[in-house]
Every structure is written in structure tokens, then in C-alpha cells.
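Written out below as C-alpha cells is the structure these notes cover.
Nothing fancy with the numbering, it's 1 onward along the sequence.
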Amino acid sequence: MKLSMNPYFASASGKLDPTHDDKHMCFVRNGQTYSRKVCHPRNPELKPYSAQEKQNQTLFAQAWAAVKAVLEDANAKAAAQARFRSNRGKYTTLAGFLFAEKYKELKESL
């Protein structure tokens with residue numbers, strides 16, 4: 001859902017709900033302001049995570065850690081930017097491109 005801004009505000013970010021819950025959020029991605037609402041949040045006490053879900057969460061964390069490491073290393077970042085520029089299309093950010101590469105690599109290694 002796209003957020004239409006009041007002409008007095010240039011941008012918005014943070015939580016929309018005054019009770020400061022995580023259900024109502026507003027954020028900016030790639031220059032666009034969006035809002036979201038979690039309609040049916042999961043209660044892990046009532047429905048615990050399966051082994052597959054836990055594995056996916058672990059792979060996700062490992063992939064983002066690898067992306068962070070690449071972005072902090074100047075030589076690795078330059079090589080990644082060259083791959084990103086030569087493969088234009090699906091991904092709009094270098095971090096998203098690197099995450100997709102690493103996540104796919106981790107999934108295939110299982």
C-alpha cells in the first residue's frame with residue numbers, strides 16, 4: 001500500500017500506532033514511502049516454528065551476514081558491483097542482488 005503524503009510533510013518513517021506496536025509501520029525504500037500493517041501476527045507459543053522454518057531463518061541470517069562482509073570490503077564490493085551492473089533486471093540494489101546470490105548458494109549447499 002502506497003502512502004500519500006500530506007503536502008506539509010516531505011517524508012515519514014517509523015511507527016504509526018501510538019501504542020508503539022510492530023503491526024503498523026511506515027518506511028522508505030528506494031525513495032518511495034510505504035506503510036504496512038501485520039494483520040494476523042504469528043504467536044510462536046501457540047504455533048511454534050517448524051525445523052524447515054528455523055533452517056530458513058538461519059540461512060537468511062547467514063546470507064545477510066555475508067552481504068554485510070562483502071559491503072565492508074572495498075575490493076569485494078567493487079567486484080560485486082561489476083557483477084550487479086552486468087546483470088541488470090530483477091534487483092534494484094546491490095545488497096538485494098548479493099543477498100539473492102548468497103541465499104541461493106546456501107540453499108544449494110544443503
Closest approach of [X] and [Y], non-hydrogen atoms and distance?
X: A80; Y: V70; answer: CB-CG1, 4.1 Å
X: T93; Y: G96; answer: OG1-N, 3.1 Å
X: K77; Y: L71; answer: CD-O, 3.7 Å

Just so I know, are the side chains of N56 and Q52 near enough to count as touching, which here means a heavy-atom distance under 4.5 Å? yes

Partner set under side-chain contact (heavy atoms from CB on, under 4.5 Å) for E105, not counting sequence neighbours: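 Here the qualifying residues are K102.
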
Does anything in residues 69-96 pair up under ring-ring contact (aromatic ring centres under 6.0 Å, His included), and if so which pairs, sequence neighbours excluded?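 Pairs touching residues 69-96 that pass the test: F84-F97.
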
So how far is it from L98 CG to K68 NZ, rounded to the nearest 0.5 Å?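 Spacing of CG (L98) from NZ (K68) equals 14.5 Å.
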
Are F99 and L110 in one and the same hydrophobic cluster, where Ile, Leu, Val, Met, Phe, Trp and Tyr link if side-chain heavy atoms are under 4.5 Å apart? yes

Side-chain polar contacts of residues 58-67 - donor-acceptor pairs under 3.5 angstrom, sequence neighbours left out - could you list them?
residue, atom, partner, partner atom, Å
T58, OG1, K54, O, 2.9

Any Lys/Arg nitrogen of E53 or R42 sitting under 4.0 Å from an Asp/Glu carboxylate oxygen of the other? yes

